[in-house]
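Worksheet for the structure shown next.
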Amino acid sequence: MTTGYQRLCVDSIIPVSSTLVIALALRTVLQLNVVASGIAVVLIYPVAKHLFRSRKALSIAPGPTLWPIIGNVHQIPSEHPWLTYSKWAKTYGDIIHLDAVGQPIIVLNSANIARELLVKRSSIYSGRPHLVMAGDLAGMGQSLALQPYGEEWRRQRKLANQEYNQTAVLRYSHVQEAQARTFVQRFLKNPTSLQSELSLGMAAVILEANFGYVVKSEEDPFYKWALVTMEDFNQASRPGAFLVDFIPQLQYLPEWMPGTGFLQLAKTYRKNMEVATWEPFLWAKDNILKGTARMPSLCATTLLKEEPVSEADEASLVLTAAALFGGSLDTSTSSLLSFFLAMLHYPEVQAKGRAEIDAVIGSGRLPSVSDRASLPYVRSIITEIYRWAPAAPIGIPHALDQDDVYNGIHVPKGSLIIANIWHMLHDPEAYPEPKAFRPERFRGSDAEMQKVTDVAFGFGRRACPGMQMAQGTLFAFAATILATCEIVPMLDAYGKPVVPDIAYTSGVISFPQDVKCMLRPRSPQAKALLEQSLDSV
Ligand code: HEM
């Protein structure tokens, strides 16, 4: 059955193409004899007029031509969608309407419109898309990042905020500093593994903050399980990978039927997820109750509350911790890879950051997270990373829970709302020469930097709850690296430096590709400080 909305989409068409239809019709008319012309005008004109009028009557936002039934499915880009949406902004403007077989998708290319809708109208714009394979069948839809906007989401969000708000997160500064120092030591020994060492460092920060658990190596079982589940999620949520996402009724087929392998796969994903999320929690609970756990942690704070923690509360806690891990790992790793890439391409920025650290901290100690306030240039470098290469270039889509009208434009209930963060942060009006990495553009002003973080971490009630954690971790890593080492390119077989290209992957979390480089210790004293700092951990 075709829904009213599907019909509207199929019938509607953009003005440009309506004009084209009329022009083509007229050209045909001119080639026909008078009688035939008369018939053609009678037949074609009303159709063209109808197409033109129905779009206006609908008042949906502009966008590429909608095809019958499929809408824009064939035009929705799978590679670097933020770049195509950004290009479309020139033709269609800051709010674009797309349709994927009846599913309305609204792309926002303006931070102001995103604020109008996702922040000011957040009571209706804070849902998430419903994923059948990843969400319902694999069981991942219960976690904070995918929960529909409602009671359970609020419960999980409260747990996340309690532990990772601006003040509470400072209790983890020592973890962030220790991991930054460990990373530098490890990478000095093994300069071929930048991405995996960063990923391990990011995981270690969040697993300690969530569970009081210390990760020592890539072989750590909790770390390995978490990676498996993240990969399962990537597979399960791949757009178009599973028919059941388009035809949800398929989930009720019996498992013995041919073609239902996805049901078995979903069970495997669910089992992996249960191990990855519950095992570290049970470990933490056991240690907290025995009094042997490292403190503080999200689990300790929650379990040691005065009121008893019910089974349902425990389940919410486990899901929150899992979402925080998932939200943290790739975004922070990608941002730090971008830091390395930027420092290789802009050695003068690297030198300036280092000079600021030398001037403020000197060379007698390593930087700590509490130095953030006195290092505005290092803060600017980190902010410029969020802007220059946002780790989540189109964020996570929101879903609209009610029909809405914005500036006369109809935004249908159930629309997916995509904030094109990349475009907003590359607007040449706000950020001249947006492709240049230039921390000076903020003039050391926190208000200017906040304009970037207000966009890069998403909007409204769903905005990133890990922002303060990310800020501290990225600062600890960037400042420790700059204070102790120079970031230098690898050398080729002829001893020539090889600076990696600026190229990014296409996923929801976009990574710079093939960033290879070396760290060169700045002095024997810097090396000694690093070694001493690890002895004291
Ligand atoms: C550079 C680092 C990071 C960036 C750029 C980033 C960006 C984002 C963005 C754009 C969103 C979507 C917001 C929206 O829907 O409007 C998001 C959501 C989320 N982030 Fe982050 N994030 C980062 C680090 C972190 C960290 C460190 C954590 C955990 C400690 C985290 C946990 C989450 C969670 C759980 C959500 C889902 C929130 C919800 O649906 O209510 N993120 N993040």
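Each ligand, and each atom within it, is numbered from 1 in the order the structure gives.
The shortest distance between side-chain heavy atoms of Leu108 and Tyr406 does not fall below 4.5 Å.
In this structure, atom 28 (C) of ligand 1 lies nearest to the protein heavy atom Gly466 CA, 3.5 Å. At the top of the distance list for atom 10 (C) of ligand 1, counting protein heavy atoms only, stands Ala456 O, 3.5 Å. Nearest protein neighbour of atom 23 (C) of ligand 1, counting heavy atoms only, is Thr331 OG1, 3.3 Å. In terms of protein heavy-atom proximity, atom 17 (C) of ligand 1 is closest to Cys464 CB, 3.6 Å. Summary of contacts: the protein heavy atom closest to atom 11 (C) of ligand 1 is Phe457 O, 4.0 Å. The closest protein non-hydrogen atom to atom 19 (C) of ligand 1 is Pro465 CD, 3.6 Å. In this structure, the protein non-hydrogen atom closest to atom 1 (C) of ligand 1 is Ser335 OG, 3.2 Å. Atom 14 (C) of ligand 1 has as its closest protein heavy atom His398 NE2, 3.2 Å.
For His423 against Asn109, the heavy-atom pair with the smallest separation is CD2-O, 3.0 Å. Nearest heavy atoms, Pro129 versus Pro397: CD-O, 3.3 Å.
Contact annotation for Ser328 and ligand 1: heavy atoms of both the backbone and the side chain come within less than 4.0 Å of the ligand. Under 4.0 angstrom from ligand 1, there are no non-hydrogen atoms of Leu118. Contacts with ligand 1 closer than 4.0 Å are made by side-chain heavy atoms of Arg157 only, the backbone lying farther away. Contacts between Ala160 and ligand 1, counted as non-hydrogen atom pairs separated by less than 4.0 Å, are absent for every part of the residue. By the criterion of a heavy-atom distance under 4.0 Å, neither the backbone nor the side chain of Phe325 is placed next to ligand 1.
A cation-pi arrangement is present between Arg154 and Tyr149, with the terminal nitrogen or guanidinium carbon under 6.0 Å from the aromatic centre and inside a 45° cone about the axis.
Using a 4.0 Å cut-off between charged side-chain N and carboxylate O, Asp454 and Arg115 make no salt bridge. We find that Glu448 and Lys451 are joined by a salt bridge, their nearest charged nitrogen and carboxylate oxygen being less than 4.0 Å apart.
Between Trp225 and Phe222, the distance from one ring center to the other does not fall under 6.0 angstrom.
Between Arg128 and ligand 1, at least one pair of N/O atoms sits closer than 3.5 Å. Taking any N or O of Arg461, backbone or side chain, none lies under 3.5 Å from an N or O belonging to ligand 1. Geometrically, ligand 1 and Phe459 share a nitrogen or oxygen pair separated by less than 3.5 Å. Looking at Ala392 next to ligand 1, no N or O pair under 3.5 Å apart turns up. By the 3.5 Å distance cut-off applied to N or O atoms, Arg462 is counted among the residues near ligand 1.
Using bins of under 30°, 30° to 60° and over 60° for the plane-to-plane angle, the ring pair Trp422/His426 lands in the parallel bin.
Atoms of ligand 1 lying under 4.0 Å from at least one heavy atom of Leu144, given by number and element, are 35 (C), 39 (C), 40 (O), 41 (O). Annotation for ligand 1: atoms under 4.0 Å from non-hydrogen atoms of Ala145 are 37 (C), 40 (O).
Inspection of the Ser110 and Glu116 side chains reveals no N or O donor paired with an N or O acceptor under 3.5 Å. Counted by atom type alone, Tyr386 and Gln471 present one or more donor-acceptor pairs between their side chains at under 3.5 Å.
Of all the listed residues (Ala323, Ser122, Gly327), Ala323 holds the heavy atom that lies closest to atom 35 (C) of ligand 1.
Annotation: Lys87, atom NZ; neighbour count of heavy atoms from other residues, nucleotides and ligands within 6.0 Å does not exceed 12. Counting non-hydrogen atoms of other residues, nucleotides and ligands closer than 6.0 Å to CG of Asp501 gives a total of 12 or fewer.
For the atom pair Leu146 CG and Met140 CE, the distance stands at 9.5 Å (nearest 0.5 Å).
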